[in-house]
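Here the structure is laid out as structure tokens; the discussion comes afterwards.
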2 protein chains.
Amino acid sequence: MTSLHERIRSDIENRIMGGDLAPGDRLPIEAKLMEQYGCSRMTVNKAISALAATGLVERRRKAGSFVARPQAHAMVLDIPDLAEEVRGRDQEYRFRLIHRETAPAEASDLQPTHQFGIAPITGPSLLTIGVHMADGRPFAYERRVVSLTAVPEIEDAAFDPESPGSWLLQHVPWTEAETNISATGANEREARSLKITPGAPCLVLARRTWRGEEHITAVRQLFIGESYSLDARFGSARK
Amino acid sequence: MTSLHERIRSDIENRIMGGDLAPGDRLPIEAKLMEQYGCSRMTVNKAISALAATGLVERRRKAGSFVARPQAHAMVLDIPDLAEEVRGRDQEYRFRLIHRETAPAEASDLQPTHQFGIAPITGPSLLTIGVHMADGRPFAYERRVVSLTAVPEIEDAAFDPESPGSWLLQHVPWTEAETNISATGANEREARSLKITPGAPCLVLARRTWRGEEHITAVRQLFIGESYSLDARFGSARK
DNA sequence: CAGTGGTCTAGACCACTGA
DNA sequence: CAGTGGTCTAGACCACTGA
């Protein structure tokens, strides 16, 4: 049994999706909907507010509620956990550690995401470089810096076959994250580790995570082009 | 003056972000919050429900409300309008049309997003190929198929200097969209149009949009690597 | 089986803003 | 200045689920 506000919400959503209500059209006012569904105003308000929260409807005082003109803005991006994704394809996942170093991390060389216009990790930190592998084949090159101020206990962790990312997710959940997505050619070192040609196109994910105000980690992952991609969605789930 | 439910919401959010409430911790029950804030249950419910909707809090009956363990899943991806973005940098935007063709669009060659495991556009369609330019320099190569069944009036539109994407956004807003992001090397034709070397790394956005059940357009945009990137976010806005 | 959240009511006063 | 949404109250009954 779905709730009444959920039913009102999906009724209106269907009318929009079906083309019955076009972008720019005005929705019935709350009083009208109360009458139609025989319910209180809080209930219709909850239904339409939910539609407004997802961007499908725009509410304006005095004027009414309108079907919004969707923009390409604010799609929902799915960034799956690499180990999970590989295992979901019935392949064997492994992280191979190439380099590990404790450093003050002031050299910008250690900062895998300096393209962000935000402060780098300061203070002592752990640098890890490694390769994500599926069925023994490398598919992503990862360079990561972890703040030892925020996560001192990571110094005792081993990162093979588990990745530092998985370890962090288990031990130090973050509350905020920023990801930058771009494309670049693999440099010589990356190409060697990934067994591809230098300059071969790769997808780059550069991510920083925080716990409150405290910076946890910055990571740059290089995926072999065309063997990896990301998906983003707007609107109701499509089969 | 912010509303009370908004204040309760941000109070709790700050306690989570500040580390006062850690992931897995239990929030005060609604009755407790009603008492603390001297308000009705609907108000605290609205505040905590909002936190639950953004994924920061998880609610369980009988057990209570808990600070969630954030996953890398479901970040919000910002896909800006190209023309707007270029003009925002005080550059001149222009779309240069290279090719235009009306076709039955059954050849998979016309389907710029065949990597999606979903049905291609069927029936008559318009194919456009062009280049997005900033200050006279090309930065993105675009191949697009528009359904003439869904948008017959597009046959009369001109696409230079306005892009078919802008035209569509003005005339036929969509309700659902799917975007796939990958990296690839430019082929010869693309490289020539973008004035780059064949094989140079590029970021690829392949997008399909629908209006309800009806397929509107499929587009594949190739951005010159490192000169373009996308951003995604999770958590509260960071300055 | 008792504690917790899910939902809903029937009001109320107010803030904004477009006609 | 009147119509619309924004917010809030003080209740109520219920569904779920963990102790």
### Query
In dot-bracket notation, what is the pairing pattern of DNA chain D, taking Watson-Crick (N1-N3 plus N6-O4 or O6-N4) and G-U wobble (N1-O2 and O6-N3) contacts under 3.5 Å, with [ ] crossing and | for other strands?
||||||||||||||||||.
### Query
Any idea which of C:dG5, C:dA10, D:dA10 is nearest the A:Ser40 side chain?
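In terms of side-chain proximity for A:Ser40, the closest of C:dG5, C:dA10, D:dA10 is C:dA10.
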Looking at [X] and [Y], what are the two nearest heavy atoms and their distance?
X        : Y        : answer
B:Leu82  : B:Gln221 : CD1-NE2, 3.8 Å
A:Gly136 : A:Met133 : O-CE, 3.0 Å
B:Ala157 : B:Arg100 : O-NH1, 2.8 Å
B:His215 : B:Thr209 : CD2-O, 3.3 Å
B:Ala68  : B:Gly55  : CB-O, 3.3 Å

### Query
With sugar-phosphate meaning primed atoms plus P, OP1 and OP2, does B:Ile48 contact a base, only sugar-phosphate, or nothing at under 4.0 Å between heavy atoms?
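Counting heavy atoms under 4.0 Å across all strands, no contact is made by B:Ile48.
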Using the 3.5 Å cut-off, write out each protein N or O paired with an N or O of nucleotides 12-14 of chain C and the distance between them.
unit_1: C:dA12; atom_1: N6; unit_2: A:Arg41; atom_2: NH1; d: 3.1

How many Å lie between [atom1] on [X] and [atom2] on [N], as a whole number?
X       : N      : atom1 : atom2 : result
B:Tyr37 : D:dC8  : OH    : C1'   : 16 Å
A:Asn45 : C:dG11 : CG    : P     : 17 Å
B:Arg9  : D:dG6  : CZ    : C1'   : 16 Å
B:Lys46 : C:dT7  : NZ    : P     : 14 Å
A:Met34 : C:dG11 : CE    : P     : 9 Å
A:Met42 : C:dA10 : CE    : C1'   : 11 Å
B:Arg59 : C:dT7  : CZ    : C1'   : 12 Å
A:Glu58 : D:dT4  : CD    : P     : 17 Å

### Query
With A:Asp20, which residues qualify under side chain to side chain donor-acceptor pair (under 3.5 Å), at least two apart?
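Partners of A:Asp20 by the side chain to side chain donor-acceptor pair (under 3.5 Å) criterion, ordered by chain and then number, come out as A:Arg15.
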### Message
Just N and O in the side chain of B:Thr43: are any of them under 4.0 Å from OP1 or OP2 of D:dT7?
### Response
no
### Message
Please tell me if A:Ser49 has a side-chain N or O lying less than 4.0 Å from either OP1 or OP2 of D:dG5.
### Response
no
Nucleotide N/O of nucleotides 1-3 of chain C paired with protein N/O under 3.5 Å:
unit_1: C:dG3; atom_1: N2; unit_2: B:Lys62; atom_2: N; d: 3.4

### Query
When the ring planes of A:Trp167 and A:Phe159 are compared, do they come out parallel, tilted or perpendicular, using 30° and 60° as the limits?
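Taking A:Phe159 first and then A:Trp167, their aromatic rings stand perpendicular (interplane angle over 60°).
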### Query
Charged N to carboxylate O below 4.0 Å: is that the case for A:Glu58 and A:Arg60?
yes
### A:Thr102 side-chain N/O to A:Leu126 backbone N/O, donor-acceptor pair under 3.5 Å
no
### Message
Restricting to ring-ring contact (aromatic ring centres under 6.0 Å, His included), what partner residues turn up for B:Phe66, sequence neighbours left out?
### Response
none
### Query
B:Phe139: what forms a ring-ring contact (aromatic ring centres under 6.0 Å, His included) with it, not counting sequence neighbours?
none
### Task
Identify which one of B:Leu27, B:Ile29, B:Leu33 satisfies the side-chain contact (heavy atoms from CB on, under 4.5 Å) criterion when paired with B:Ser65.
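Going through B:Leu27, B:Ile29, B:Leu33 one by one, the side-chain contact (heavy atoms from CB on, under 4.5 Å) with B:Ser65 is satisfied by B:Leu27 alone.
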